[in-house]
Asks: 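Handing you this structure, nothing more for now.
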Amino acid sequence: MKPIGTQSILTDRLMLRRPQASDAQELVEARSLAMTMEEGKKAVALMVAEAEKPFCFHWVITLDGRAIGRVKGWEVSPYNGYVQLGYDIAPRHRGKGYMTEAVGAVIRYMLLKAEANRVYCSVREGNIASRRVCEKNGMRCEGVLRQHYARQDGGYDDVCVYGIIRSDLTREVR
Ligand SMILES: CC(C)(COP(=O)(O)OP(=O)(O)OC[C@H]1O[C@@H](n2cnc3c(N)ncnc32)[C@H](O)[C@@H]1OP(=O)(O)O)[C@@H](O)C(=O)NCCC(=O)NCCS
(Lines give C-alpha, C1' and ligand atoms only; values in the text may rest on other atoms or scores of the structure.)
Protein backbone atom coordinates (compact mmCIF):
# COMPACT_ATOMS: atom_id res chain seq x y z
CA MET A 1 0.00 0.00 0.00
CA LYS A 2 1.33 3.45 -0.90
CA PRO A 3 1.75 6.11 1.84
CA ILE A 4 -0.15 8.79 -0.06
CA GLY A 5 -2.49 9.92 2.73
CA THR A 6 -5.57 12.04 2.11
CA GLN A 7 -5.58 13.84 -1.22
CA SER A 8 -8.46 15.73 -2.80
CA ILE A 9 -10.95 13.76 -4.91
CA LEU A 10 -13.35 15.36 -7.37
CA THR A 11 -16.57 13.55 -8.32
CA ASP A 12 -19.42 14.61 -10.59
CA ARG A 13 -21.09 16.69 -7.85
CA LEU A 14 -18.74 16.70 -4.88
CA MET A 15 -15.28 17.68 -3.78
CA LEU A 16 -13.69 15.50 -1.10
CA ARG A 17 -10.77 17.17 0.60
CA ARG A 18 -8.73 17.15 3.80
CA PRO A 19 -10.48 18.57 6.86
CA GLN A 20 -9.71 22.10 8.03
CA ALA A 21 -10.46 23.77 11.36
CA SER A 22 -13.20 25.94 9.87
CA ASP A 23 -15.22 22.81 8.92
CA ALA A 24 -16.32 22.33 12.53
CA GLN A 25 -18.99 25.01 12.37
CA GLU A 26 -20.61 23.71 9.14
CA LEU A 27 -20.42 20.05 10.16
CA VAL A 28 -21.93 20.67 13.61
CA GLU A 29 -24.64 22.99 12.25
CA ALA A 30 -25.55 20.47 9.54
CA ARG A 31 -25.50 17.68 12.18
CA SER A 32 -22.97 15.61 10.26
CA LEU A 33 -21.14 15.87 13.58
CA ALA A 34 -23.93 15.31 16.11
CA MET A 35 -22.18 17.04 19.02
CA THR A 36 -21.73 20.44 20.65
CA MET A 37 -19.66 23.07 18.84
CA GLU A 38 -16.90 22.67 21.45
CA GLU A 39 -16.76 18.89 20.91
CA GLY A 40 -16.99 19.40 17.15
CA LYS A 41 -13.97 21.70 17.15
CA LYS A 42 -11.95 19.07 19.06
CA ALA A 43 -13.09 16.29 16.72
CA VAL A 44 -12.16 18.31 13.63
CA ALA A 45 -8.79 19.31 15.13
CA LEU A 46 -8.05 15.61 15.58
CA MET A 47 -9.04 14.88 11.98
CA VAL A 48 -6.85 17.73 10.72
CA ALA A 49 -3.84 16.32 12.60
CA GLU A 50 -4.48 12.71 11.53
CA ALA A 51 -5.01 13.65 7.87
CA GLU A 52 -1.35 14.75 7.79
CA LYS A 53 -0.22 11.15 8.25
CA PRO A 54 0.63 8.92 5.27
CA PHE A 55 -1.65 6.03 6.23
CA CYS A 56 -4.56 8.08 7.66
CA PHE A 57 -7.53 9.00 5.54
CA HIS A 58 -10.01 11.72 6.50
CA TRP A 59 -12.12 13.46 3.89
CA VAL A 60 -14.67 16.20 4.32
CA ILE A 61 -17.37 16.00 1.65
CA THR A 62 -18.17 19.41 0.22
CA LEU A 63 -21.05 20.46 -2.00
CA ASP A 64 -20.79 23.88 -3.63
CA GLY A 65 -17.97 24.70 -1.21
CA ARG A 66 -19.87 23.78 1.96
CA ALA A 67 -18.99 20.86 4.25
CA ILE A 68 -21.88 18.36 4.33
CA GLY A 69 -20.33 15.09 5.49
CA ARG A 70 -17.29 12.95 6.05
CA VAL A 71 -15.61 9.74 4.92
CA LYS A 72 -12.77 8.22 6.89
CA GLY A 73 -10.48 5.29 6.28
CA TRP A 74 -9.51 3.66 9.55
CA GLU A 75 -8.24 0.31 10.86
CA VAL A 76 -5.63 0.73 8.12
CA SER A 77 -3.22 -2.18 7.70
CA PRO A 78 -0.46 -1.26 5.24
CA TYR A 79 1.01 -4.77 5.56
CA ASN A 80 -2.22 -6.57 4.74
CA GLY A 81 -3.33 -3.84 2.38
CA TYR A 82 -6.75 -3.21 3.86
CA VAL A 83 -8.73 -0.26 5.16
CA GLN A 84 -12.13 0.07 6.76
CA LEU A 85 -14.42 2.96 5.75
CA GLY A 86 -16.75 4.98 7.97
CA TYR A 87 -19.00 7.79 6.73
CA ASP A 88 -21.91 10.08 7.44
CA ILE A 89 -23.74 12.90 5.77
CA ALA A 90 -25.92 15.72 7.09
CA PRO A 91 -29.59 14.65 7.39
CA ARG A 92 -30.90 17.22 4.91
CA HIS A 93 -28.54 15.92 2.21
CA ARG A 94 -29.47 12.25 2.56
CA GLY A 95 -31.26 10.23 -0.09
CA LYS A 96 -29.72 12.09 -3.05
CA GLY A 97 -27.01 9.58 -3.87
CA TYR A 98 -24.22 11.76 -2.46
CA MET A 99 -22.73 9.11 -0.18
CA THR A 100 -22.88 6.47 -2.88
CA GLU A 101 -20.90 8.88 -5.07
CA ALA A 102 -18.40 9.77 -2.32
CA VAL A 103 -17.79 6.20 -1.16
CA GLY A 104 -17.42 4.99 -4.76
CA ALA A 105 -14.72 7.59 -5.33
CA VAL A 106 -12.94 6.69 -2.09
CA ILE A 107 -13.03 2.97 -2.93
CA ARG A 108 -11.35 3.69 -6.28
CA TYR A 109 -8.84 6.01 -4.59
CA MET A 110 -7.93 3.36 -2.02
CA LEU A 111 -7.75 0.38 -4.38
CA LEU A 112 -6.21 2.01 -7.43
CA LYS A 113 -4.29 5.05 -6.25
CA ALA A 114 -3.21 4.05 -2.72
CA GLU A 115 -2.94 0.44 -3.95
CA ALA A 116 -4.80 -1.10 -1.05
CA ASN A 117 -6.02 -4.60 -1.84
CA ARG A 118 -9.22 -4.55 0.17
CA VAL A 119 -11.76 -2.00 1.41
CA TYR A 120 -14.48 -2.98 3.85
CA CYS A 121 -17.30 -1.53 5.93
CA SER A 122 -18.98 -2.83 9.08
CA VAL A 123 -22.67 -1.95 8.99
CA ARG A 124 -25.39 -2.59 11.56
CA GLU A 125 -27.84 -5.04 9.99
CA GLY A 126 -30.72 -2.58 10.32
CA ASN A 127 -28.87 0.32 8.66
CA ILE A 128 -30.45 -0.23 5.25
CA ALA A 129 -29.28 3.13 3.81
CA SER A 130 -25.64 2.31 4.58
CA ARG A 131 -26.00 -1.23 3.27
CA ARG A 132 -27.37 0.19 0.02
CA VAL A 133 -24.37 2.55 -0.24
CA CYS A 134 -22.08 -0.49 -0.02
CA GLU A 135 -24.13 -2.63 -2.40
CA LYS A 136 -24.46 0.14 -5.01
CA ASN A 137 -20.65 0.38 -4.97
CA GLY A 138 -20.14 -3.29 -5.70
CA MET A 139 -19.31 -4.36 -2.17
CA ARG A 140 -20.43 -7.82 -1.17
CA CYS A 141 -21.83 -8.85 2.19
CA GLU A 142 -19.14 -11.31 3.24
CA GLY A 143 -20.66 -12.34 6.53
CA VAL A 144 -22.49 -11.30 9.66
CA LEU A 145 -20.83 -10.69 13.02
CA ARG A 146 -23.41 -11.60 15.61
CA GLN A 147 -24.17 -8.95 18.25
CA HIS A 148 -20.96 -7.12 17.37
CA TYR A 149 -22.03 -3.52 18.10
CA ALA A 150 -23.62 -2.38 21.34
CA ARG A 151 -26.77 -0.26 21.33
CA GLN A 152 -27.56 2.55 23.73
CA ASP A 153 -30.44 0.52 25.19
CA GLY A 154 -28.00 -2.15 26.40
CA GLY A 155 -28.72 -4.61 23.59
CA TYR A 156 -26.50 -5.58 20.66
CA ASP A 157 -26.82 -5.38 16.89
CA ASP A 158 -25.60 -7.90 14.34
CA VAL A 159 -23.12 -6.34 11.91
CA CYS A 160 -22.80 -7.06 8.17
CA VAL A 161 -19.26 -6.92 6.84
CA TYR A 162 -19.19 -5.57 3.28
CA GLY A 163 -15.98 -5.86 1.26
CA ILE A 164 -14.49 -5.20 -2.13
CA ILE A 165 -11.06 -6.25 -3.38
CA ARG A 166 -8.96 -4.66 -6.12
CA SER A 167 -9.64 -7.43 -8.63
CA ASP A 168 -13.40 -6.76 -8.29
CA LEU A 169 -12.92 -3.34 -9.83
CA THR A 170 -13.44 -2.79 -13.50
CA ARG A 171 -13.60 1.00 -13.39
CA GLU A 172 -10.83 3.59 -13.65
CA VAL A 173 -9.84 6.14 -10.98
CA ARG A 174 -11.35 9.54 -11.72
C1 LIG B 1 -25.99 5.93 5.57
C2 LIG B 1 -25.86 7.31 4.92
C3 LIG B 1 -24.40 7.68 4.89
C4 LIG B 1 -26.40 7.23 3.49
O5 LIG B 1 -26.11 8.45 2.83
P6 LIG B 1 -27.00 8.97 1.59
O7 LIG B 1 -26.26 10.05 0.89
O8 LIG B 1 -28.37 9.24 2.06
O9 LIG B 1 -26.99 7.66 0.69
P10 LIG B 1 -27.48 7.53 -0.83
O11 LIG B 1 -28.49 8.59 -1.12
O12 LIG B 1 -26.26 7.47 -1.69
O13 LIG B 1 -28.15 6.08 -0.84
C14 LIG B 1 -29.05 5.70 0.18
C15 LIG B 1 -29.78 4.45 -0.22
O16 LIG B 1 -30.47 3.92 0.91
C17 LIG B 1 -31.85 3.90 0.66
N18 LIG B 1 -32.52 4.17 1.94
C19 LIG B 1 -32.37 5.24 2.72
N20 LIG B 1 -33.11 5.08 3.84
C21 LIG B 1 -33.71 3.88 3.72
C22 LIG B 1 -34.60 3.14 4.53
N23 LIG B 1 -35.00 3.59 5.71
N24 LIG B 1 -35.04 1.92 4.10
C25 LIG B 1 -34.63 1.44 2.90
N26 LIG B 1 -33.76 2.10 2.10
C27 LIG B 1 -33.33 3.29 2.51
C28 LIG B 1 -32.09 4.95 -0.40
O29 LIG B 1 -33.31 4.71 -1.09
C30 LIG B 1 -30.84 4.72 -1.27
O31 LIG B 1 -30.94 3.52 -2.01
P32 LIG B 1 -31.45 3.48 -3.55
O33 LIG B 1 -30.57 4.40 -4.32
O34 LIG B 1 -31.31 2.04 -3.91
O35 LIG B 1 -32.87 3.95 -3.55
C36 LIG B 1 -26.66 8.38 5.70
O37 LIG B 1 -27.98 7.93 5.86
C38 LIG B 1 -26.07 8.71 7.05
O39 LIG B 1 -25.19 9.56 7.19
N40 LIG B 1 -26.54 8.00 8.11
C41 LIG B 1 -26.03 8.22 9.47
C42 LIG B 1 -24.61 7.72 9.66
C43 LIG B 1 -24.44 6.29 9.21
O44 LIG B 1 -25.31 5.45 9.36
N45 LIG B 1 -23.25 6.00 8.65
C46 LIG B 1 -22.89 4.68 8.17
C47 LIG B 1 -22.36 3.86 9.30
S48 LIG B 1 -21.88 2.23 8.71
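Atom set for the values below is all heavy atoms of this structure, side chains included, hydrogens, waters and symmetry mates excluded. Remember, it's 1-based here, ligands and their atoms both numbered in the order they're listed.
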Asks: Which is closest to atom 15 (C) of ligand 1 by heavy-atom distance: Arg132, Met99, Glu101?
Replies: Arg132
Asks: Can you report which non-hydrogen protein atom sits closest to atom 42 (C) of ligand 1, along with the distance?
Replies: Asp88 CB, 3.7 Å
Asks: Counting non-hydrogen protein atoms only, what is the nearest one to atom 26 (N) of ligand 1? Give residue, atom name and distance.
Replies: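 Here the nearest protein heavy atom works out to Ile128 CG2, 3.6 Å.
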Asks: State whether the shortest distance between N or O atoms of Gly97 and N or O atoms of ligand 1 falls below 3.5 angstrom.
Replies: yes
Asks: Identify the protein heavy atom lying closest to atom 19 (C) of ligand 1, giving its residue, its atom name and the separation to 0.1 Å.
Replies: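 In this structure, atom 19 (C) of ligand 1 has Ala129 CB, 3.4 Å as its nearest protein heavy atom.
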Asks: Could you check whether atom CZ of Arg151 has more than 12 heavy atoms from other residues, nucleotides or ligands sitting under 6.0 Å from it?
Replies: yes
Asks: How far is atom 2 (C) of ligand 1 from its nearest protein heavy atom, and which residue and atom is that?
Replies: Ile89 CG2, 4.5 Å
Asks: Which of these passes side chain to side chain contact (heavy atoms under 4.5 Å, CB included) with Cys134: Val123, Leu85, Asn127?
Replies: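 Only match with Cys134 under side chain to side chain contact (heavy atoms under 4.5 Å, CB included): Val123.
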Asks: Using the side chain to side chain contact (heavy atoms under 4.5 Å, CB included) definition, which of the options Val48, Val28, Val60 pairs with Asp23?
Replies: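 By the side chain to side chain contact (heavy atoms under 4.5 Å, CB included) criterion, Asp23 pairs with just one of Val48, Val28, Val60: Val60.
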Asks: Counting only heavy atoms on the protein side, is anything nearer than 4.0 Å to atom 28 (C) of ligand 1?
Replies: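 No.
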Asks: Return the closest protein heavy atom for atom 46 (C) of ligand 1 as residue, atom name and distance.
Replies: Tyr87 O, 3.4 Å
Asks: Could you tell me which atoms of ligand 1, counted from 1 in the order shown, lie closer than 4.0 angstrom to a heavy atom of Gly95?
Replies: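 Going through ligand 1 atom by atom, the ones under 4.0 Å from Gly95 are 6 (P), 8 (O), 11 (O).
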Asks: So for ligand 1, is His93 a polar contact partner (N or O within less than 3.5 Å, distance only)?
Replies: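 N/O-N/O distance under 3.5 Å: no.
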Asks: Do me a favour and list the nearest non-hydrogen protein atom to atom 9 (O) of ligand 1 with residue, atom name and distance?
Replies: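 Checking every protein heavy atom, the shortest distance to atom 9 (O) of ligand 1 gives Val133 CG2, 3.6 Å.
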Asks: With heavy-atom distances below 4.0 Å as the criterion, list the atoms of ligand 1 near Ser130.
Replies: 1 (C), 46 (C), 48 (S)
Asks: Considering only the protein, which heavy-atom contact is closest to atom 38 (C) of ligand 1, and what is its distance?
Replies: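 The closest heavy atom on the protein side is Arg94 NE, 3.3 Å.
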Asks: Looking only at protein heavy atoms, which one is nearest to atom 30 (C) of ligand 1, and how far off is it?
Replies: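 Ranking protein heavy atoms by distance from atom 30 (C) of ligand 1, first comes Lys136 NZ, 3.6 Å.
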Asks: Would you find a donor on one side and an acceptor on the other, under 3.5 Å apart, between the side chain of Thr62 and the backbone of Met15?
Replies: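 Yes, Thr62 side chain to Met15 backbone: donor-acceptor pair under 3.5 Å.
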Asks: Step through the shown structure and confirm whether more than 12 heavy atoms of other residues, nucleotides or ligands are within 6.0 Å of CZ on Arg118.
Replies: yes
Asks: Using a plain distance cutoff, I'd like to know if Lys96 has any nitrogen or oxygen under 3.5 Å from a nitrogen or oxygen of ligand 1.
Replies: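 By distance alone, the answer is yes.
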Asks: Atom CG in Asp157, atom CZ in Arg146: separation rounded to 0.5 Å?
Replies: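 Spacing of CG (Asp157) from CZ (Arg146) equals 14.5 Å.
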Asks: Is there a protein heavy atom at a distance of less than 4.0 Å from atom 13 (O) of ligand 1?
Replies: yes
Asks: Does a salt bridge link Arg132 with Glu135, judged by any charged N lying under 4.0 Å from a carboxylate O?
Replies: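 A salt bridge is present here (some side-chain N lies under 4.0 Å from a carboxylate O).
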Asks: Looking at ligand 1, does any of its N/O atoms fall within less than 3.5 Å of an N/O of Thr100?
Replies: yes
Asks: For Met99 and Arg94, what are the C-alpha separation, side-chain angles and deciding distance, and is it a side chain to side chain contact (heavy atoms under 4.5 Å, CB included)?
Replies: CA-CA 8 Å; Met99 194 54 82; Arg94 290 179 191 168; over 6 Å; no
Asks: I would like to know whether Glu125 and Arg131 meet side chain to side chain contact (heavy atoms under 4.5 Å, CB included); could you show each step before the answer?
Replies: CA-CA 8 Å; Glu125 202 163 34; Arg131 293 178 63 177; 3.5 Å; yes
Asks: Taking distance alone, with no angle check, do Ser122 and ligand 1 share an N/O pair under 3.5 Å?
Replies: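 It does not: no N or O of Ser122 is found under 3.5 Å from an N or O of ligand 1.
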Asks: Regarding Arg18 and Glu52, does a basic nitrogen lie under 4.0 Å from an acidic carboxylate oxygen?
Replies: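 Looking at Glu52 together with Arg18, the answer is yes, because their closest N to O distance falls below 4.0 Å.
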Asks: Please name the residue in the list His148, Gln84, Glu75 that meets the side chain to side chain contact (heavy atoms under 4.5 Å, CB included) test with Ser122.
Replies: Gln84
